[in-house]
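Working notes, structure below.
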Amino acid sequence: MKKVLAMILVLCLVLSLCACGSSDKTEEPATDNKTTTEPAKKEEAPKPAVESGVGTTLAQAEDEEKVEVIENKDEINILTNGALVDGKFPETVTIKVECYDRDGQTPANDNMYTDYIKKQALERYNIAVEYVPVPRWTEVDQINNLLAAQEAPDICYTYDYATIQAYSDMDGVVDLSEYLTEDYKGLFANLWNWLGSAGLLSHRDPDTGAIYAIEGKRAEYYRTATFIRQDWLDTLGLAKPTTVEEFENCLIAFRDNAETLLGADASKMVPFSMATDAGWRASTLIESFMDPDITDKELYINGFDERHYTQNGTKDAVKVLNKWYNEGLIWKDFALYADGDATEGDMQKAGYVGAMICNYDIPFRDGENSINYQLTQLVGPDAKFVAVDTFKDKNGGYSKYAYTTTGSDRKIFMPKTNQNVLASFLFLNMITDPEIINYLQLGEEGITFTKNADGSVNIIAADEEHVANTINSQYNIDYTMTCNGLHLLDEESTIKSKALSYANVDTNDVAEAMRVAGNDAKFAAQVNVGVIEAESGLGNTLSELRNAGYCKSITAPEADFDTVWNDCMNQYLTAGGQAIMDERAAAWQKVMGDATMY
Amino acid sequence: MSKGANYIEGYKPRRMSVATALKKYWQLYLLLLLPVVYFIIFRYKPMEYIIVAFKDYKLNMDLWDMPWATTKKEVDIFKWFVKAFSDKNFHTALKNTITLNLLDLIIGFPAPIIFALVLNELTAKRYKKVVQTIAYMPHFLSWVIIYSIALQLLAPTSGLINIVLNNMGIESIDFLGKADNWVWTYIMFGVWQNFGWGSIVYLAAIAGINPELYEAASVDGAGRFKKMWHITLPGIKSTIVVLLIMALGGILGGNFDRNFAMQNKLVLEKAEVISTFVYKRGIKSLQFSLTTAVGLFQSVVGVVFLLSANFLSRKLGERGLW
């Protein structure tokens, strides 16, 4: 009996293995594999054209000549080898496009705005668009899974280039250089006019000419600012702090006057709030400790970590935080909460927090749910966060890093499973059409925005009757994937409208936050000295170690600070941080020689 | 083969052909078919992906077409194993996995046995049932919820226990943010979650003990503890051994969600275990080959532990798993 059983089991196993084997074989010659390998071969031909076109340095998009759209349909037909007839695909082509899902009021992949985009794509090029929602805060994990399962959308985006590099190392990404040549410029005029070669060619490999991603562009450069509770300063008769010492005194005053400020909730006082992404949440402080005259070379070599973990000066800044932590000025429990936990936001809204460093618009985001609006509701009409410039660098300025228009936004790439790269490019070109961007950012007049006499627009929240019109992310940036930030048809009204674009909060506060975030702003040079192989796949691992390093150093007992900082730094460096810095230094030397500025 | 319990001297089992057996017991085989298919599809078929540990993973390629792992253009199929073992973070994860699992075994394993023994001694039926139900409940909570409870109870400033301590004039204890404290918090929450549920098997085993034994012992003048020691415990010894062997097999395994939900940035040096390491390196950082190698190593060690524990228990006169 047992033997029979065993035999059957074995038989089943063998049979199943045979079945797997044969099914694998039948899959092989299917179209899947062929079409994915073919473009790789084609790419080799047009390479010289790209190489002769642009050198390794970035050209400024603004200075480039305006590219004229090809109007002649026959010319398009010839250019695309007959793929486009009358400017359209003769048969409907379906492409899948990624969009971030931020749990908004309308589904991210099916709402008024996606319907609008789908309609436009069908009318213009006969392309049927399908949106694939990907949760915003776990986007990289999700895309990893989709790629591994060969089910990734045809057009994907992410903020982290090292991730894309890891994909391309595994042969998972289409080389886009074939379509980024002079010949195709007229067909993708919107892309060239908005992104320019700075956006389209910045990731070109100096050796092979391959381009695995194109850069979206930020329409604004504000990054982070320091915020403090105006009403608390007023109550305690304090002036807005202008130096780190004054700021510290404010925090001490908040701590010592908890009873006055919070009454029965005094024990909940948090003078300065913090989160596990401490490098971001202390950015203005850290940047004030960095050398304002830092060379591009130094910034680049230490710059893999965009939270400045390995830059000179960072340690001193964290030492200040450590001192504050041990004096009870920083939220004691911050490191115990997971990334993205809502506890801190709730404390800010409930009015327990005195100061913080964060994105310049965090207190104003989300209309009725914004921190500043909630404060007026829960605490009192005067309660609000205002932006202050308080951390002076060694030259006496308030230097802080701002976003460069290109190099800091989303990188768009196409997985090898993409069956129609041309259609994907046409879609990207369409979504970069200024008219479409304008519509997506504002929605419909009277419902999601109103026009002022001077041409500027007020963004308003859609009322209950028009919930369907609710803009999905701020300015719908998840759909306008080549454009991040307000960018209307008319430049002047864009500037005037920016501060007005936050519903339910005082626009003067928004304008002031923008002024502060832009004051003495520095822009990191966007260096491309070739692929740094050591970076591949390490983005996530190293940022984990960096976050842990920041958190542990801030919360260490004051006497142990140096040991803890050094231990954590060592771990970061041995896990790959050092190899990246060495390779970056060598690559810089090779391309730039002894020059220290890019 | 050892002599089974129903071995009869002189009896020779007749060889039955597969066809006759199938014909005779076809209902049984039909019943067996479903689990067999299940195991093949979900447990054996995916095993082909083990081969990724010896290859350089490519996103666009079929599993069998991927190239063998190479270093400097030479085939080196153990590249990922070498890489894993020279990685300090993997060492930490390995050490932590063993430490945490061993502590779990030492403290967590006896807990349900003791609980079962105590429950067995209770005479008030209704009270016993209430206690049992309450003890089972934590088993149904997910670890994310348990960590939230831990935060509410133990956070230095807002945790209930620390607030009570502060009011008594004692400084807050950082149960979650200090690595050494965290280990005990982790173990204790593990015991708390599992002791009730784990006791079910032992209670069932105790129920199978012949009551006459207790009666005879009473006649002989044995008290409660004597009965527990000389009847109940030996009665459930084989159950204990089987569960112990299974626990030893999982010494390098571990519960992903428990570690992942409980860990925070401050305690990673003690909290990072193999499963979370694999998740972070494999899923989040795309090093599929490296993490498959780690996973394979983990499984092989697990099997070795399982087999040796089984072997030992049989040597010591117990039944073992098979």
Side-chain angles (χ1 to χ4, degrees), chain A residues 1 3-5 7-9 12-13 15-17 20-21 24 27-28 33 36-37 140-141 144-145 147-148 150 152 163 166-167 169-173 267-268 270 276 278 331-333 335-338 343 415-417 536-541 544-545 547-552 555 571 574-575, chain B residues 13 15-18 20-22 25 29 32-33 36-37 39-41 44-45 48 56-66 87-89 92 144 147 150-151 154-159 163 166 172 174 176-177 261 263-269 279-288 290:
Chain A
M1 186 67 194
K3 278 201 178 148
V4 178
L5 262 181
M7 280 286 285
I8 288 178
L9 265 172
C12 282
L13 256 176
L15 274 176
S16 76
L17 279 178
C20 309
D24 282 337
E27 271 163 29
E28 240 173 82
N33 271 351
T36 48
T37 48
V140 176
D141 304 359
N144 284 350
N145 286 342
L147 277 168
Q150 315 257 320
T163 303
Y167 299 150
D169 285 352
M170 291 191 270
D171 284 343
V173 185
S267 67
K268 293 180 175 154
V270 171
T276 43
W331 182 28
K332 204 102 206 147
D333 305 346
L336 301 179
Y337 289 86
T343 310
K416 274 270 169 77
T417 42
S536 175
L538 275 183
N540 234 314
T541 313
E544 281 271 335
L545 286 171
N547 283 353
Y550 272 132
C551 288
K552 287 172 82 168
T555 57
Q571 230 183 338
T574 49
Chain B
R15 274 184 161 264
M16 203 185 272
S17 74
V18 178
T20 358
L22 269 178
Y25 301 114
Y29 287 112
L32 190 66
L33 191 66
V36 167
V37 168
F39 269 92
I40 287 169
I41 294 178
Y44 282 89
K45 169 89 166 96
E48 67 187 29
D56 281 334
Y57 191 83
K58 299 282 175 201
L59 273 174
N60 65 328
M61 277 189 197
D62 206 76
L63 179 65
W64 302 99
D65 297 340
M66 288 175 202
D87 187 333
K88 262 194 189 161
N89 291 309
T92 324
V144 177
Y147 185 64
L151 271 177
L154 304 173
T157 50
S158 56
I163 291 176
N166 289 344
S172 287
D174 199 350
L176 296 164
Q263 64 180 220
N264 61 60
K265 301 267 181 307
L266 300 179
V267 297
L268 281 182
E269 84 246 28
Y279 167 71
K280 286 173 187 170
R281 282 292 165 93
I283 307 284
K284 292 187 101 171
S285 300
L286 281 167
Q287 306 199 26
F288 297 126
L290 176 78

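Here is the naming used below: chain letters follow the sequence lines, and residue numbers restart at 1 for every chain.
With a threshold of 4.5 angstrom between heavy atoms, A:Y550 does not approach chain B through any atom at all. A:N145 touches chain B through its side chain: at least one heavy atom from C-beta onward sits under 4.5 Å away, while N, CA, C and O do not. Of the two parts of A:A338, neither the backbone nor the side chain holds a non-hydrogen atom closer than 4.5 Å to a non-hydrogen atom of chain B. When heavy atoms are compared at a cutoff of 4.5 Å, A:T541 approaches chain B by way of both its backbone and its side chain. Of the atoms belonging to B:L286, heavy atoms from both backbone and side chain fall under 4.5 Å from chain A. Only the side chain of B:L151 comes within less than 4.5 Å of a heavy atom of chain A; its backbone N, CA, C and O stay farther away. Contacts between B:F39 and chain A at a heavy-atom distance below 4.5 Å are absent for every atom of the residue.
Nearest heavy-atom pair across A:L336 and B:P156 is CD1-CD, 3.7 Å.
Interface check for chain A: of the options B:D174, B:T157, B:V37, B:L176, the most heavy-atom pairs under 4.5 Å are formed by B:T157. No other option in A:N547, A:V173, A:T163 has as many heavy-atom pairs under 4.5 Å with chain B as A:N547.
The shortest side-chain heavy-atom distance between A:D333 and B:S158 falls under the 4.5 Å cut-off. No side-chain heavy atom of B:L59 sits under 4.5 Å from any side-chain heavy atom of A:K416. Taking 4.5 Å as the limit, some side-chain heavy atom of A:K552 sits within range of a side-chain heavy atom of B:E269.
Atom CG of residue B:N264 and atom SG of residue A:C551 lie 8.5 Å apart, to the nearest 0.5 angstrom. Between atom CG of residue A:N144 and atom CZ of residue B:F288 there is a gap of 5.5 Å, rounded to the nearest 0.5 Å. A distance of 5.5 Å separates CG in B:N89 from CG in A:L545, rounded to the nearest 0.5 Å.
Listed for the A:E544 side chain is no donor-acceptor partner under 3.5 Å among the backbone atoms of B:K265. In this structure, B:K58 contributes its side chain and A:D169 its backbone to a donor-acceptor pair below 3.5 Å.
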